[in-house]
Trainee: 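Questions regarding the structure given below will be posed in turn.
Below, each value reflects all heavy atoms present in this structure, side chains not excepted, and no hydrogens, waters or symmetry copies. So that the names make sense, note that chain A is the first sequence line, chain B the second, and so on, each numbered from 1.
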Number of protein chains: 2
Amino acid sequence: MTNDPSFVCIVDDDASIRQALAGLLRSVGLTVFAYPSTEDFLHDARPVGAGCLVLDVRLPGQSGLEFQRELEGMGIHLPVIFITGHGDIPMSVTAMKAGALEFLTKPFRDQDLLDAVHKAIELDRERRRDDAALSELRERFRSLTPREREIMLLVAAGQLNKQIAAALNLSEITIKVHRAQVMRKMQAKSLPDLVRIADKVSSLPFRFSGAEL
Amino acid sequence: MTNDPSFVCIVDDDASIRQALAGLLRSVGLTVFAYPSTEDFLHDARPVGAGCLVLDVRLPGQSGLEFQRELEGMGIHLPVIFITGHGDIPMSVTAMKAGALEFLTKPFRDQDLLDAVHKAIELDRERRRDDAALSELRERFRSLTPREREIMLLVAAGQLNKQIAAALNLSEITIKVHRAQVMRKMQAKSLPDLVRIADKVSSLPFRFSGAEL
DNA sequence: TCCAGGTCTATACCAACGTATAATCGTCCA
DNA sequence: TGGACGATTATACGTTGGTATAGACCTGGA
């Protein structure tokens, strides 16, 4: 079931902690990549599969909290688990609000980290699945011509062919032709199917895919 | 726009803190109810409108964290803002994971609490709006006969009338009659409309509404 | 026992949809 | 300039959906 590759990235400036964490995680069969800084993490090739990021809050230069926000801004949605030796409550609250999965204070029990890591990987796996499905749909939507996209959205909005024809000042048969092409290209097997696809591809992120191109 | 009533409930066993918080919140025009214990809060009549709960983490008897979970279990989804004088990081992380909106440590700036309260009330307002809309749809769905519900779901699944007829061992005209009744009762103006309604009313909570009755 | 409500069906007609075939027109590119 | 592609439209036919009208059957409650 879950035999696709998974990994854990560690970013901590303390080499002994990196080694300890990496050892612990490898001991349960996880693939681990450890970095002394966020730059090193970013410069490394992105690992394949589902994974998570174990991040020290306090890092030289950019803090772990800032880096968390930066990753989101870059569209990298890897689940983040914070660890810290000198944290405080506002820090943990900020991290959790920003979507961190866990915020552990040293010393923590090994099992707590392992639990968090496994949960994070499972979560990332699901997110990646959903992302892949959505990307596939967006790709199909992108393959539509502007006219086809326009008509698809009106169809999904519940407009009749004749209403669409009137709105766009076209004949009804033209709508039918485009509509058939939309069903084919989007691989929709029924109108309800198309409606659900339309609602997914035109959900807020990448709204421009409906307007541009 | 946002002129429907809103309120803040405070639960804190320290009377002086209750008074101070209530005074602060009332000074900005908010309606405040203050209670020394969770029991008092629960026994009070539920205020109308959108609101939030300002909760001390450390309470005699049941802790604020436990109470937060209890409220969720009771289906009361009031946004919770924790305040504490003696909190720690694991406590704040637990609270945030359980959906708390904010976790403030005393002493905090008045403005921080006010910001959190306003945000919480706005959030509750939206949630209540969504809940009300969904309840309305569920009410309509509940008004369907078992047969109508069954057919509605098959229609929304993309089945043709003739396919539904075959599956239920009925004639096609029977499906048409029920289907028309479904559109009328659900107040759906088009098939896409019905599809979206079906997806909402049969989303996981209250799944039984499709099977029972 | 009568009635209401739910269920099922039929006939008939019209509207809407889907598809096949084919043609025209314009743009952009090799 | 020839061709690919997008857009448009037409005719024609068949399928599917929507609605009106009307009747039959059953069950549970007044």
Trainee: Does this structure show an ion pair linking B:Glu139 with B:Arg142, if we count only N-O contacts that are shorter than 4.0 Å?
Mentor: yes
Trainee: Let me test you: for the helix from C:dT1-D:dA30 to C:dA30-D:dT1, what is the angle between the axes at its two ends (five pairs each), rounded to 10 degrees?
Mentor: 30°
Trainee: Could you check how far CZ of B:Arg147 sits from C1' of C:dG5, rounded to whole Å?
Mentor: 16 Å
Trainee: Do B:Leu113 and B:Leu21 make a side-chain contact, defined as non-hydrogen atoms from C-beta onward lying under 4.5 Å apart?
Mentor: yes
Trainee: If only side-chain N and O atoms count, and only distance matters, is there a donor-acceptor pair under 3.5 Å linking B:Ser190 with B:Asp193?
Mentor: no
Trainee: Can you find a heavy atom in the side chain of A:Leu59 that is under 4.5 Å from one in the side chain of A:Val11?
Mentor: yes
Trainee: Starting from C1' on D:dG6, measure out to CD1 on A:Ile151 and report it in whole angstrom.
Mentor: 12 Å
Trainee: Determine, for B:Asp131 against B:Arg127, whether the closest basic-nitrogen to carboxylate-oxygen distance falls under 4.0 angstrom.
Mentor: yes
Trainee: Could you check how far NZ of A:Lys176 sits from C1' of D:dG14, rounded to whole Å?
Mentor: 11 Å
Trainee: Could you give the CG-to-C1' distance, from B:Leu160 to C:dA16, as a whole number of Å?
Mentor: 14 Å
Trainee: Whole angstroms only, please: what is the CD1-P distance between B:Ile175 and D:dG18?
Mentor: 12 Å
Trainee: Could you tell me how far apart B:Leu144 (CG) and C:dG6 (C1') are, to the nearest whole angstrom?
Mentor: 13 Å
Trainee: Give a yes/no on whether any side-chain N or O of A:Lys162 is located under 4.0 angstrom from OP1 or OP2 of C:dA15.
Mentor: no
Trainee: Specify the separation, in whole Å, of atom CZ of B:Arg149 and atom P of C:dG6.
Mentor: 11 Å
Trainee: For B:Phe141, does the six-membered ring have the charged nitrogen or CZ of B:Arg149 within the cation-pi criterion, i.e. under 6.0 angstrom from the centroid and within 45° of the normal?
Mentor: yes
Trainee: Can you find a side chain N or O atom of B:His178 that sits less than 4.0 Å from OP1 or OP2 on C:dT7?
Mentor: no
Trainee: Looking at the side chain of B:Arg179, which of D:dT8, D:dG17, C:dC17 is the nearest nucleotide?
Mentor: D:dG17
Trainee: Side-chain contact test, heavy atoms from C-beta onward, threshold under 4.5 Å: evaluate it for B:Glu70 versus B:Glu66 and give yes or no.
Mentor: no
Trainee: Counting N and O atoms only, with roles assigned by atom type, does the side chain of A:Arg18 sit under 3.5 Å from a partner on the main chain of A:Asp12, one being a donor and the other an acceptor?
Mentor: yes
Trainee: Closer than 4.0 Å, any side-chain N/O of B:Asn161 to the OP1 or OP2 of D:dG17?
Mentor: yes
Trainee: Within the side chain of A:Glu148, is there an N or O that forms a donor-acceptor pair under 3.5 Å with the backbone of A:Thr145?
Mentor: yes
Trainee: What are the two closest heavy atoms between A:Ser6 and A:Ile121, and how far apart are they?
Mentor: CB-CG2, 3.7 Å
Trainee: Just wondering, do A:Val57 and A:Phe103 contact through their side chains at under 4.5 Å, heavy atoms?
Mentor: yes
Trainee: Does anything in residues 181-191 of chain B come within less than 4.0 Å of DNA chain D? Heavy atoms only, and list the residues if so.
Mentor: none
Trainee: So B:Glu102 and A:Lys97, do their side chains get closer than 4.5 Å, heavy atoms only?
Mentor: yes
Trainee: Near DNA chain C, under 4.0 Å by heavy atom, which residues of residues 163-174 of chain B?
Mentor: B:Leu170, B:Ser171, B:Ile173, B:Thr174
Trainee: Has B:Thr145 got a side-chain N or O lying under 4.0 Å from the OP1 or OP2 atom of C:dT7?
Mentor: yes
